[in-house]
Amino acid sequence: MSIDEQLSILKKGLADLIREADLRERLIQSEKSGRPLRVKAGFDPTAPDLHLGHTVLLRKMKHFQDLGHIPIFVIGDSTALIGDPTGRNITRPPMTAEEIAANAETYKTQVFKILDPARTEVRFNSEWLAQLRFEDMVRLCSKYTVARIMERDDFTKRYREGAAISMHELLYPLAQGYDSVALACDVEMGGTDQRFNLLVGRELQRDFGQAPQIVATVPLLEGTDGVEKMSKSKGNYIGITEPPKVMFRKVMQISDDLMWRYYELLTDATLQEIAAMRASDQPMQHKMALASRIIADYYSEQAASQARSDFDREVRHGDVPSDIETASVAPEASGNLAKLLVSLNMADSRTDAERKIKAGAAEVDGEKHRSMNLELQPGRSYLLHLGKKWKRIVVG
RNA sequence: GGACAGGUGGGUGAGUGGUUAAAGCCAACAGACUGUAAAUCUGUCCCUCCCUGCGAGGUACGAAGGUUCGAAUCCUUCCCUGUCCA
């Protein structure tokens, strides 16, 4: 494949590429020398589950991998001690070592749903960061000035607003930049919000006598609300390990406009194909196709079609779901429906359950049930439905 | 170390002694409507208990004490944040 072709694959969907000429140069060198490029992306092990927002980046790394280069997946176990201040206006609470270890493990397995494990490097940045002594830290800090660090949006903003900025947060960009030095990266990738951190890497590499890495950023994927970027903590995410059915439902819940964005960033559909779909008057069909496509990526075609038919039946026609869990309930649970729903995890609290029952959200055996009272007969089974939750119970 | 300002429910933000479990807005949840979504409308949005009622009780306005019949509102100490001065 020609360098131009390679470049155009790699450039597709990128938000920033600093700088394109450098990347071209490196691709040429790599081809000549047979040395693959080292393409790094760092992840904070803060959320235990990867979601579609992360996959925009991972898919791009896969493109590099497919062209013979080496993705380096850096798990920021040391930098997690700081907590990336990106996009934050408050200081993050630090995580415990146990949490970090557990989360990192989950990341590792999930990331290989996209990348080929045999040709991926997975590294923890504690490997080199934990080695640094105080003198090393001081030396590292001396390479950057306060004014330059404060150029970062988040810091400027927080500073201007009189919000707290702790000293250790200023170290984050330096630590991340040092990762690139330690790994001798050729390319570092991240979301557009990572731009600053990625650029710091270039400067530090220069200071350490390395060629500055190429910085490639991908757009941030909006979450299911269509407004904020997808994030676990905002609850607007679609996790790649969520059951197919849940994924399908969540994809269907995005707005029609957002769907085109998802097509662009989460599938290999070409821009022409997307434009054609967009011109048609079948948004729902295309959305269902999108959901199926995404599920097929992380599960299988079969799982996708199953999820699709479940959605058809359960959501569109309002039928009873096919895979309701059955729980057995002691006869003593008879009497109070709210209590029962809480014990079955169908409501957050008893007060919550009562509210929903009063609002007419509860059904027993398909009948709306507005009374708090539910007498259970031993041996019988009941079908409970509250909002999106269903459960079959057997008494006895 | 000194002076000053401030800390309210998921977010924002009212409220400066008494129908205040705490306005409004946003988010969220449930219901209706619907072709998925959106939009719209209705209701809800701390917890527990029961005789499920515009019911009873318990917690809650950084923390702990105090004043008062009564405090988010006043006082004291502490913690935290910011600004200015050293």
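Chain identifiers are assigned alphabetically (A, B, ...) following the order of the sequence lines, protein sequences preceding nucleic acid strands; residue numbering begins at 1 within each chain.
- Between K11(A) and E20(A) there is a salt bridge, since a side-chain N of the basic residue sits under 4.0 Å from a carboxylate O of the acidic one.
- Nucleotides C79(B) and G53(B), compared at atom C1', are 43 Å apart to the nearest Å.
- Look at R350(A) and you won't find any side-chain N or O under 4.0 angstrom from OP1 or OP2 of C47(B).
- Between E121(A) and R38(A) there is a salt bridge, since a side-chain N of the basic residue sits under 4.0 Å from a carboxylate O of the acidic one.
- Within 3.5 Å, no donor on the side chain of D312(A) pairs with an acceptor on the base of U36(B), nor the reverse.
- Between T351(A) and C46(B), a side-chain N or O to OP1/OP2 separation shorter than 4.0 Å is absent.
- Between A27(B) and C41(B), the two P atoms lie 13 Å apart (nearest whole Å).
- When the P atom is used for both G82(B) and U77(B), the distance is 22 Å, rounded to whole Å.
- Take the nearest nucleotide of RNA chain B for V342(A) and for Q253(A): the residue whose nucleotide is more 5' is Q253(A).
- Taking atom C1' in both G18(B) and A22(B), the straight-line distance is 14 Å, to the nearest Å.
- Between S349(A) and the phosphate of C47(B), there is a side-chain N or O to OP1/OP2 separation shorter than 4.0 Å.
- Of the side-chain N and O atoms in K358(A), none sit less than 4.0 angstrom from OP1 or OP2 of G53(B).
- Between the side chain of D256(A) and the base of U36(B), a donor-acceptor pair under 3.5 Å is found.
- One side chain, S180(A) or E188(A), offers a donor N or O that lies under 3.5 Å from an acceptor on the other.
- When the C1' atom is used for both A14(B) and G7(B), the distance is 16 Å, rounded to whole Å.
- Taking a 4.5 Å side-chain heavy-atom cut-off between Ile, Leu, Val, Met, Phe, Trp and Tyr, the cluster of V246(A) contains only that residue.
- In terms of phosphate contacts, K287(A) brings no side-chain nitrogen or oxygen within less than 4.0 Å of OP1 or OP2 of A38(B).
- Distance noted for atom C1' between A72(B) and G9(B): 12 Å (whole Å).
- Taking atom P in both U16(B) and G65(B), one finds a spacing of 26 Å when rounded to whole Å.
- Note on E325(A) versus R392(A): no salt bridge recorded, every NZ/NE/NH1/NH2 to OD/OE distance being 4.0 Å or above.
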